[in-house]
Amino acid sequence: MGKFQSDFMNALTERGYIHQVSDEGGIDALAKAGKLTAYVGYDATAPSLHVGSLISIMMLHWLQATGAGKPIALMGGGTTRVGDPSGRDETRKILTLENIEDNKNGIKTVFSKFLKFGDAAGDAIMVDNADWLAPLNYLEFLRDVGRHFSVNRMMSMDSVRMRLERDQELSFIEFNYMILQAYDFAELAKRLGCQLQMGGSDQWGNIVTGIDLGRRMGTHQLYALTCPLLTTSSGAKMGKTASGAVWLNADQLPVYDYWQFWRNTEDADVARFLKLYTTLPLAEIARLSALGGAEINEAKKVLATEATALMHGRAAADAAAETARQAFEEGASAEGLPVIVQEDGAGILTVLVNAGLASSNGEARRAIAGNSISIDDVRVTDPNARISLSNGQIKLSMGKKKHVLVKPA
């Protein structure tokens, strides 16, 4: 028996999702009754979300999977026009309405992988805050909503205070962001009966501001729950790699690369990531987590395949796992690896950069000097070498884990 009455709160606690919560008992009671409506907001700043957003999507997934209530995925079609200053040193780039609409359409496809949408009581719904933010009359908004906000309190919020302490400019448009986010919470409470906002720990100040606004505007009791902002055991920010963000959409990042990202998890993170990013039973996760030595690699493969199956489907995940098995265990030039097209005779440094295995010629040169680069499993030692594609494609590798197929133009 878990600590809580509801399967939802027990799942979130046992799997490591909870960082801060405003009222455990209140949320638990609603979840146990199957009457908890909760939302997470996602601004449309890029055509895809990346794995940093996955933890909050999984929280919505468990809300639905445990029968606790109704998940709401809020698209920030309105707030994206302003830009969230949380955790940033510079103003976000202002996007055009066309950019935002394109990004929203790209992001929407992710949620159907993790949530069931429909008209039934526990089915997820997707809404866009542009529906109520875009038509706002500024004078009425100042009078009816702005009067509830204390500038003194806003100045003490981490997202604002840290920018000011570092002498980084904070524009008035960004200063308004927390007011808009708080208003979203109150509006969702009024329109859809929403009681809970979830998000990353950097959103805590914005969420509790929404709770306070709701109280002042006469809504029912509102609640806050945040998840930790994850870093890997070595301190790297979750979802960021040397070659860029780990995108969720397959058109932004090939399925094989997504699988490989999870396969490359550090040993110390395997147990934690299995709990957060898969739906495997906790008993199975405990068994995998107990594996030691070289066997930990088997747990990493399970993590990679299960996480990829949630995002891209079981067939694509199994295909990525088989591609990896062929490439690593058989040394084969497996189909399914990332592919680039290159002119025959191109310099190896250029090809390494084009393949994304190095970020610059200097890094490529150092990798060759460190005996990390091979072509069809034969070590490359000359940084001035040129590739030969006269016999067709080659497999270009950095170490044992990163492979790209190079095909002739």
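We count residues from 1, following the sequence as given.
Side chains of Thr66 and Asp7: no donor on one and acceptor on the other come within 3.5 Å. In this structure, a donor-acceptor pair under 3.5 Å is present between the side chains of Asp184 and Trp132. Side-chain contact check for His403 and Ser397: at least one donor-acceptor pair (N or O, by modelled atom type) lies under 3.5 Å. Counting only N and O atoms by type, the side chains of Ser56 and Tyr42 include a donor and acceptor under 3.5 Å apart. Using modelled atom types, one finds a donor on one side chain and an acceptor on the other under 3.5 Å when comparing Gln197 with Tyr39. Using modelled atom types and a 3.5 Å distance limit, the side chains of Asn249 and Tyr258 yield no donor-acceptor pair. A donor atom on one side chain and an acceptor atom on the other are found under 3.5 Å apart for Thr96 and Asn99.
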Open item on the list: Walk me through whether Leu288 and Glu284 qualify under side chain to side chain contact (heavy atoms under 4.5 Å, CB included).
Closed with: CA-CA 6 Å; Leu288 290 167; Glu284 173 65 4; 3.9 Å; yes
Do Arg379 and Ile373 pass the side chain to side chain contact (heavy atoms under 4.5 Å, CB included) test, and can you show the C-alpha distance, the side-chain angles, and the key distance before you say yes or no?
CA-CA 6 Å; Arg379 193 78 65 211; Ile373 305 301; over 6 Å; no
| request: Kindly indicate, with the supporting measurements, whether the criterion side chain to side chain contact (heavy atoms under 4.5 Å, CB included) is fulfilled by Asn354 and Gln342. | output: CA-CA 9 Å; Asn354 290 347; Gln342 197 70 56; 3.2 Å; yes
Review point. Can you list the steps and then say if Asp128 with Lys104 is a salt bridge (charged side-chain N to carboxylate O under 4.0 Å, His left out)?
Key: CA-CA 9 Å; Asp128 188 338; Lys104 266 171 40 190; 2.5 Å; yes
Side chain to side chain contact (heavy atoms under 4.5 Å, CB included) for Gln203 and Gln181? Distances and angles first, verdict last. CA-CA 10 Å; Gln203 295 298 314; Gln181 185 171 334; 3.1 Å; yes
- Item | From CA spacing to verdict: salt bridge (charged side-chain N to carboxylate O under 4.0 Å, His left out), Glu363, Arg366 | CA-CA 5 Å; Glu363 185 181 327; Arg366 288 190 292 276; 5.2 Å; no
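The line from CZ of Arg216 to CZ of Phe149 is 9.0 Å long, rounded to the nearest 0.5 Å. Note: Ile207 CD1 to Ser201 OG = 9.5 Å, rounded to the nearest 0.5 Å. Phe111 contributes atom CZ, which lies 12.5 Å from atom CD1 of Ile72 (distance to the nearest 0.5 angstrom). Interatomic distance, CG of Asp102 versus CD1 of Ile107, reported as 11.0 Å (0.5 Å rounding). Note that NZ of Lys395 is 7.0 Å distant from OG of Ser374, once rounded to the nearest 0.5 Å. The structure places CG of Leu291 at 11.0 Å from CG of Asp267, a figure rounded to the nearest 0.5 Å.
Around NZ of Lys113, the count of heavy atoms belonging to other residues, nucleotides or ligands within 6.0 Å exceeds 12. Heavy-atom neighbours of Glu343 CD from other residues, nucleotides or ligands within 6.0 Å: at or below the threshold of 12.
Residues Leu63 and Lys70 have side chains not in contact (no heavy-atom distance under 4.5 Å, counting atoms from C-beta outward). Considering only heavy atoms from C-beta on, Leu352 comes within 4.5 Å of Ile368 through its side chain. Within the 4.5 Å cutoff, the side chain of Met75 has no heavy atoms near those of the Val127 side chain. Between Leu30 and Gln195, the closest side-chain pair of non-hydrogen atoms falls below 4.5 Å. At a threshold of 4.5 Å between non-hydrogen side-chain atoms, the residues Ile179 and Phe141 count as touching. In this structure, the side chains of Met58 and Thr279 come closer than 4.5 Å at one or more pairs of heavy atoms. Put simply, the side chain of Leu230 reaches to within 4.5 Å of the side chain of Phe273, judged on heavy atoms. Between Ile375 and Ile348, some side-chain heavy-atom pair lies under the 4.5 Å cut-off.
Side chain of Thr308 to backbone of Ala317: no donor-acceptor contact under 3.5 angstrom is found. A donor-acceptor pair under 3.5 Å links the side-chain atoms of Thr80 to the main chain of Gly76, judged by distance alone. Side-chain N or O atoms of Ser22 include one that pairs as donor or acceptor with a backbone N or O of Ala224 at under 3.5 Å. Between the side chain of Lys300 and the main chain of Thr265, a donor-acceptor pair closer than 3.5 Å is present. A donor-acceptor contact shorter than 3.5 Å is absent between the side chain of Asp28 and the backbone of Glu24. In this structure, the side chain of Asn10 engages the main chain of Phe4 through a donor-acceptor pair within 3.5 Å. A donor-acceptor distance shorter than 3.5 angstrom exists from the side chain of Asn105 to the backbone of Glu101, with no hydrogens or angles considered. Of the possible donor and acceptor atoms, one in the side chain of Asn129 sits under 3.5 Å from a partner among the backbone N and O of Gly78. Side chain of Asp123 to backbone of Ala120: a donor-acceptor contact under 3.5 angstrom is found. With hydrogens and angles ignored, the 3.5 Å screen pairs no side-chain donor or acceptor of His19 with any backbone N or O of Thr226.
When every heavy atom of Met198 is checked against every heavy atom of Leu60, the shortest pair comes out as CE-CD2, 3.7 Å. The nearest pair of heavy atoms linking Ile285 to Leu280 is CD1-O, 3.5 Å. Taking each heavy atom of Lys275 and Arg15 in turn, the nearest pair found is O-NH1, 2.9 Å. Residues Leu12 and Met59 approach most closely at CD2-CE, 4.4 Å, considering heavy atoms. Between Lys32 and Ser6, the shortest heavy-atom distance links the atoms N-CB, 3.5 Å. The minimum heavy-atom distance linking Ala124 with Phe117 is given by the pair O-CD2, 3.2 Å.
Between Arg314 and Glu306, at least one side-chain nitrogen of the basic residue sits less than 4.0 Å from a carboxylate oxygen of the acidic one, meeting the salt-bridge criterion.
Note: Trp262 and Tyr277 have tilted aromatic rings, judged against thresholds of 30 and 60 degrees for the angle between ring planes.
Residue Thr79 forms a side chain to side chain contact (heavy atoms under 4.5 Å, CB included) with just one option from Leu74, Asn176, Thr45, Leu180, and that option is Leu180.
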